[in-house]
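Read the structure below first, then the notes.
The sequence lines fix the lettering, A, B, ..., with proteins before strands; numbering per chain opens at 1. Reckoned from all heavy atoms, side chains included, excluding hydrogens, waters and symmetry mates. This structure is a prediction, so every number in the text was calculated from the model and none was measured.
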2 protein chains.
Amino acid sequence: MEEQIIGWIYEAAEKVKAGLGEALKVDQKSGRTDLVTNVDKAVQEFIVNKINVFDPDAKILGEENGQDQTRIDKGRVFVIDPIDGTLNFVMQQENFCIMIAVYEEGIGQLGFIYDVMRDELLWGGPRVGKVFYNREELAIPENKYLNQGLMGMNAGLYREDRYHAQAIAKESMGIRVLGCAGLDFIAILKGTQIGYMSLLSPWDYAAGTIMMKQLGMTFQGAHGQPLAFNTREFFIGGTCATMAQIQAFDQ
Amino acid sequence: MEEQIIGWIYEAAEKVKAGLGEALKVDQKSGRTDLVTNVDKAVQEFIVNKINVFDPDAKILGEENGQDQTRIDKGRVFVIDPIDGTLNFVMQQENFCIMIAVYEEGIGQLGFIYDVMRDELLWGGPRVGKVFYNREELAIPENKYLNQGLMGMNAGLYREDRYHAQAIAKESMGIRVLGCAGLDFIAILKGTQIGYMSLLSPWDYAAGTIMMKQLGMTFQGAHGQPLAFNTREFFIGGTCATMAQIQAFDQ
C-alpha cells in the first residue's frame, strides 16, 4: 500500500507545481487568512479518486470538499490534507505540504508528509516498522529536553500565552512560527525541533503523530487528554523528555 | 568585484557544509541562546583573508573575531556575517545564511545573502544596477499592502507588543518567525513576505537593505529614524505600501 500512496503523492505534487504557474482561484473559508484554492480541491479530488480505485471500502477524512466529518475509529480511513499551509502556498509558493495518513480500526498505520518544493518526503509507521526520509531510514532523534531545542508554535497561542506557551518558549532555545503543521512535524521527526504546539484539525496531525509515535515521541491534547480527531483542538507534542517537562507546567 | 565575492561565498559554503559533518565547538556569547561556533569564526577569518588579498585598504565590520566596531562611513568597508542564524545552524543544520555587504563612503554598493543548504544566492545593488536570484535577474516584487502578505517578526517584539508589533501582525495575513534575518530578507526580495521587524545588528541588515533599496523597498529604525549601523537596534522594512501603513501606526 505504501508504494501506491507514495506514487499518488508524487503525482499530486506535479499537479501542484503546475498549478503554481497558473492563476490561483483563492476563496476564504472561516476568515480572510483561512484560504482554500482550486489546487487544494483538485488535489484532494485526485487523491480521493486514487483511493476509491485502490480500496472502494475505505472511508475518507479530508480538509476539503465536505469530507471533514468522517470518524477514524472503524474500518480503514484515509486522512488527507491536500495542501497543508495553504496561506504559505498562496503567498510564498513554498513552505507547504501534502499529507496523507492511514488509520485502521482507529490505529494509525502509515503517515506521509511531503514538502513539495523541497522534495522532502517523510513517511512510515507501524505497517512498515520504520520512518523514512525519502528512501533513507530515519534515525530516532535524540531525546532532548526543552532547554536543548527549538519549539514550533502557533502565533496566536504564543501572543495570548495560552497553555503556558510563553513559559514553554522561555525555557526552550527559542520558537519558530512556520505557518504549516507539516513543516513542524518534519522538523520534529528530523530532530531539528524538540516539539510543536498549535491548534490543529485531525488532517493536520493525523500523519505526523503516527510517525512521531513510531520514533518514540509523544503528543496530547489540552491538559493531557488524548486527541479527539473530530474537531480543531489544542495539540502539543515532542520528545519524551520535553513533553515530561511541559506536563509539569500543568500541575 | 562581485564575481570574486560570489566565489568566496561558495567556497565558504563548502567549508560550512564540511563543518556540519564534524563535532561543532559551540560557545555562548550574551546568553544561552546567543551562540557562536568554530565554524562562524573560521568562515569570517576565511572571508577576511580573501578581502585582505583583494583590497588591503578595505576595512571590515564583522560579527565575530572582535571586528564589530568598525564604522561604515569612510572608504570601502566589507560587512560580514559569516553565519547568520547560528542557533538554527547548531539546532537544525539548515535555515542559516552567509551574508556580505560592500559599502563605499557610507553608501551600500553590493549585498549578498546565501542560504547555504537551499543553494539560494540573492545578490546585487547599485554597482550592478540589479538584484539577482542565483544567476537570474529578480523582478521588482509587487508593492503589496500590509493586509496582503506575511510579515517576518522577532518573537520577543511580538510577545511584548513593542513598536505596534501585534497591531501590525493583526493587520497582516500572519507572521512568521524564522530565527534568521537573512531568510526574512530573502523572502522580502522574492516577494513572499511584505516586511520584517526585529532587533538587528549592522551585519544582520547591511546586505539585505542594499538589495531592498535596489528593488524600491524601504526600511527604517525606531520611529522612522535612519539605521545607526553601530549597535543592535530596532529594524523594520518592507514594501513601500506596507511601510506607509506601518508608519501611520506611529502617529
Separation of N147(B) CG from T33(A) OG1 (nearest 0.5 Å) = 11.5 Å
How about K190(B): does its NZ atom have over 12 heavy atoms from other parts shown lying under 6.0 Å from it?
-> yes
Which atom names give the shortest non-hydrogen contact between V177(A) and I175(B), and what distance separates them?
-> CG1-O, 3.6 Å
Evaluation steps, side-chain contact (heavy atoms from CB on, under 4.5 Å), between R118(A) and R118(B) = CA-CA 8 Å; R118(A) 285 192 200 97; R118(B) 283 190 202 99; 2.9 Å; yes
Answer yes or no: does atom OH of Y145(A) have more than 12 heavy-atom neighbours from other residues, nucleotides or ligands under 6.0 Å?
-> no
Give every residue pair that meets the salt bridge (charged side-chain N to carboxylate O under 4.0 Å, His left out) criterion with at least one member in residues 24-41 of chain A, sequence neighbours excluded.
-> K25(A)-D27(A), D27(A)-K41(A), K29(A)-E63(A), K29(A)-E64(A)
Using non-hydrogen atoms only, which part of L35(B) is less than 4.5 Å away from chain A: side chain, backbone, both, or neither?
-> side chain
Mind checking what makes side chain to side chain contact (heavy atoms under 4.5 Å, CB included) contact with S198(A), not counting sequence neighbours?
-> N154(A), Y196(A), L200(A)
Counting heavy-atom pairs under 4.5 Å to chain B, which of S172(A), A187(A), G156(A) comes out on top?
-> S172(A)
Residues from residues 85-94 of chain A approaching chain B under 4.5 Å (heavy atoms) | L87(A), N88(A), M91(A), Q92(A), Q93(A), E94(A)
In terms of heavy-atom proximity below 4.5 Å to chain A, should N95(B) be classed as side chain, backbone, both, or neither?
-> neither
Residues at least two apart in sequence or cross-chain that pass salt bridge (Lys or Arg N to Asp or Glu O under 4.0 Å) with E142(B), listed by chain then number, are none
